[in-house]
Each structure stands twice: as structure tokens, then as C-alpha cells.
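Chain naming here is simple, since letters A, B, ... match the order of the sequence lines and numbering starts at 1 in each.
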There are 2 protein chains.
Amino acid sequence: MTVQSGRRERKKAATRQKIADTALRLFLERGYDAVGIRDVAAEADVAVTTLFSHFASKEALVFEQDEDFEQRLTRAVTGRAPHEPLIPALRREVLALVRHCTADSAAPVWRMIDTSPALRKYEESVRMRHADALATAIAADPGPTRSETAARAIARFVIDAYSLAREAADPQAALDEIFPMIEAAWQVTSPSANDPGPATVLD
Amino acid sequence: MTVQSGRRERKKAATRQKIADTALRLFLERGYDAVGIRDVAAEADVAVTTLFSHFASKEALVFEQDEDFEQRLTRAVTGRAPHEPLIPALRREVLALVRHCTADSAAPVWRMIDTSPALRKYEESVRMRHADALATAIAADPGPTRSETAARAIARFVIDAYSLAREAADPQAALDEIFPMIEAAWQVTSPSANDPGPATVLD
DNA sequence: AATCTAACACTAACAGTTAGTGTTTTATAA
DNA sequence: TTATAAAACACTAACTGTTAGTGTTAGATT
């Protein structure tokens, strides 16, 4: 099994992209519920089974790039500058992600998501996956070690911040309010939390 | 339209309960995925459409009492003793709820939920509803007023605590770790948070 | 050139869910 | 009591997302 020489992979990626593009276009034109899987498959000129070999579900057609999202989050932790504090790094990345979602170009898609119960539900499960991945990254972070429970809790809080900010009228203001809360929660898990001296802000 | 004199309501509740009991029994006997809606309806001796007039979905059959859950949470806020601090009251209730879920009698049901993707996903959306209800209760709480954003964030954190504790090997220990984090996050939203003096613990 | 594999296609079906329609039961008004 | 309205229930038939089973084709490997 050597490396694939490309054409096959390119064709596969092209088919996948064509399906995703077609789906999104139809969903935005006629509404998510009004478009059936068979419509998407026909318009993309593939069989229904082919569609499902590229996407696990109808909802997954809309969240095509959620792996990017997850990678950006975990890399904000694992790839940050040495000794850079964790929470501010996450804050920066979450802000960037929220800006990305609330940009004008993405607005119609998110309006569609917010008005479809099926899509909202699906997004919640996607967020859970992201929270788990983030928790793993945080737990593996060097420096003063916190418990796994603390890591998982902070990861959820960060995902909550993203979710609340995305829905807020003023995302930046929401983050400005929530992230100090997260910072305080994080400080309290510090190994030196029992130290009566001034709180350390080193991470 | 006067008050219903009972018989009709009792019959309706009985039908609903019979459906729920039958469903849970079959699910536990044969596995959630192996039991179809038509099986449940037949065994409960009702029509499929009747089943769906009592429950919105197959998953809802399993989360029959989720409104109780929501009420207990919101009442832990709205019905607590005057001047009782918010977070400890929530901690007590969450601990009771987690104990309830992890009790031996409920264990098989939760094992079923944890192993079925469809049920896990559904539970996530139920938790979101609970978080929203809790946020409303917190926002309406008298005393030092916090912003709506802060209320929503704390509500999510509390639901996260419940969820993480329920899955943890030692639920009590998990709550002992997470609730101080929530308390710290809550303190930071206090109107006197900018006060350089000692932190108030009054609510 | 021979061959192996992965992507794709097609049919048919299954499972959850709903629309449409009609029947029975219950509560209340006359 | 009887008449009437409303709610619960039943039945059929369909729609929609999803999958199993089975080939077929195009690309990669030898």
C-alpha cells in the first residue's frame, strides 16, 4: 500500500465537495426541511448511497467542516507559545471562531441552523465532541497539572462560552463577560489554590 | 370550559403511563435499537398514532420524567430559603439528582442511554432545555443582579457539572471539584467584584 | 495486460414520523 | 335525560432518513 497518486483522492474529494455545495445551495434556496436527501443526490448527480458514503447523515451535510473547528480549538491549546497562559489563548481562538460564524457570509447558514430543531440538536452533539477533544488537549497540557475532571469542566465551559457568544447580540461583549468567569474557575483548580498568598497568574 | 372532573385525565395519564412502562420494559429486555415503535404500540395495545400523541419521539419514551428534573432544578433556585446563597443550594440539588440517576434501580436505564447514540444525543438537547429554564430562574433571582449573560453561563456550568458527575466514577468527588469552580465563576460576576476588599460570600 | 480495490450505482427495504379520516368516550349544556 | 362539543383513540397509507445487498466501473498495482 503505497501513497495514493492523487487522482482517485482528488475525484473523491471533488465528489464530496460537489455534494456538500449542492446540499447547502438547495437548503438555503428552499429551506432545510423542504429538501430531501433524494433531491440533493439527484441534483449532485450521485446515488443516495454514495451521498451517505461521504456523509453520515443529512445534518452532517451542513456541518461539513466541523473538524477544522475542532482542530483550531485543540491547537489553540497545544500550539500556543511556551508559557502562554491557557485561558487567554482559548479566549482569543473562541473569539476568532465566533467572528467566523457571525460573519455576513456565514449568517444565512447559521440562521438556518438556529431555526431547524434537527440541526440545533445535531450541533449540540458536535459541540460535545469538541468539548471532549478540548478536554483531552487541556489534560495533556504541561505545567501545573490539574485533575481530569477539572480539565473536562473547563473544556465544557469554554464550549459554552462559544455557544452563548454565537447566539448573543454582541458576541464580543458576551465573551468579555464569560471568560473572566472561566478564568476564575480555572484559578481555583490551581495546585496553589490553597496557598493563602496572592493568586498566581502564571497559567 | 370548567375544570375537568378527573376521569378523562386519569384515563389519559394511565394510557401514557402504560405506554411508557411498556416501552421501558421492552427496551431493557431486548435493547433500545432492537425494539421498534410498532412493537411498543402493539405490546401496550394502542395505535402507533396514539403513542405519538403522548410522546413526541421514540427517545422521549425513555426521558418520560424530564420535566420533574427541570422543576427540581428551578425550584432549587426559586424555592430556597431567603438569603440562602445560590450556588450551594444548586450544589445540593445537583448532588441529589445525580444520586437519583446513579442509584442501582436507575442504573440499567442509564447504561442503555449511555450506549445508544440516539439517546445520548437526545439527552444533550434535554439538558439544553434544562439549562435555559435554569438560566431564566437564576436571572429572575432577587438580590444583587447579574447580567443575563452571566445567568446563562452559570446555568450551563451547573448542567455541565451534573452531566460530568453523572458520568464520573465518583460523582460526589466530581461535584466537590467542579462546584468550587462554579462558585468562583459566580463570585466574579458579583457587582462588588471590582471591590478590592475581601470577597463577599453573601450570595 | 492482468488484477485488485475503492468508489459508485441501483433496488428494495426498514424504521420513525405524520397526514388524513373516522370512531368512541367523556364532560357539560339544554 | 338527551344533545352537543371536545378530546382521545384507531386505522391506513404514506413520506423521509438510512442501510443492506449486489453489482459495475475507474484507478492503481503488479
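- Regarding contacts with the backbone of D/dA8, every side-chain N or O of B/His54 stays at 4.0 angstrom or more from both OP1 and OP2.
- Results of the salt bridge (charged side-chain N to carboxylate O under 4.0 Å, His left out) test with A/Glu123 over A/Arg127, A/Arg120, A/Lys121 single out A/Arg127 as the only residue that passes.
- Residue B/Thr49 has its side chain nearest to C/dT18 when only D/dA26, C/dT18, D/dT19 are considered.
- The backbone N or O of B/Ile159 sits nowhere less than 3.5 Å from a side-chain atom of B/Ser163 that would complete a donor-acceptor pair.
- For the residue pair B/Glu183 / B/Gln187, a side-chain donor-acceptor distance below 3.5 Å is found, with atom types taken as modelled.
- Rounded to whole Å, atom P of C/dG16 lies 15 Å from atom NZ of B/Lys121.
- When the C1' atom of C/dT17 is taken as reference, atom CG of B/Leu61 falls 13 Å away, rounded to whole Å.
- To the nearest angstrom, C1' of D/dC9 lies 11 Å from NZ of B/Lys11.
- Between B/Asp114 and B/Arg166 there is a side-chain heavy-atom pair separated by less than 4.5 Å.
- Summarising the geometry, the separation between CG on B/Asp39 and P on C/dA15 is reported as 8 Å, rounded to the nearest angstrom.
- Between A/Phe55 atom CZ and C/dA7 atom P there is a gap of 14 Å when expressed in whole angstrom units.
- As a whole-Å value, the separation of A/Lys12 NZ from D/dA28 P is 14 Å.
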Kindly give the atom pairs (protein nitrogen or oxygen, nucleotide nitrogen or oxygen) under 3.5 Å for nucleotides 15-18 of chain D.
unit_1: D/dG17; atom_1: OP1; unit_2: A/Lys58; atom_2: NZ; d: 2.7
unit_1: D/dG17; atom_1: OP2; unit_2: A/Ile37; atom_2: N; d: 2.9
unit_1: D/dG17; atom_1: N7; unit_2: A/Arg38; atom_2: NH1; d: 3.1
unit_1: D/dG17; atom_1: N7; unit_2: A/Arg38; atom_2: NH2; d: 3.4
unit_1: D/dG17; atom_1: O6; unit_2: A/Arg38; atom_2: NH2; d: 3.3
unit_1: D/dT18; atom_1: OP2; unit_2: A/Lys58; atom_2: N; d: 2.7
unit_1: D/dT18; atom_1: O4; unit_2: A/Arg38; atom_2: NH2; d: 3.1

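- OP1 or OP2 of C/dA9 sits under 4.0 Å from a side-chain N or O of A/Thr50.
- Judged by distance alone, with hydrogens and angles left aside, the side-chain atoms of A/Arg75 form no donor-acceptor pair with the main-chain N or O of A/Arg72 at under 3.5 Å.
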Problem - Step-by-step side-chain contact (heavy atoms from CB on, under 4.5 Å) determination, A/Ile182 to A/Leu90 - result: CA-CA 10 Å; A/Ile182 297 178; A/Leu90 280 170; over 6 Å; no

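- Distance A/Leu51 CG to D/dA20 C1': 17 Å, rounded to the nearest Å.
- Once rounded to the nearest 0.5 Å, the distance linking CD of A/Glu64 with CZ of A/Phe55 reads 5.5 Å.
- Rounded to whole Å, atom C1' of C/dG16 lies 11 Å from atom CZ of B/Phe27.
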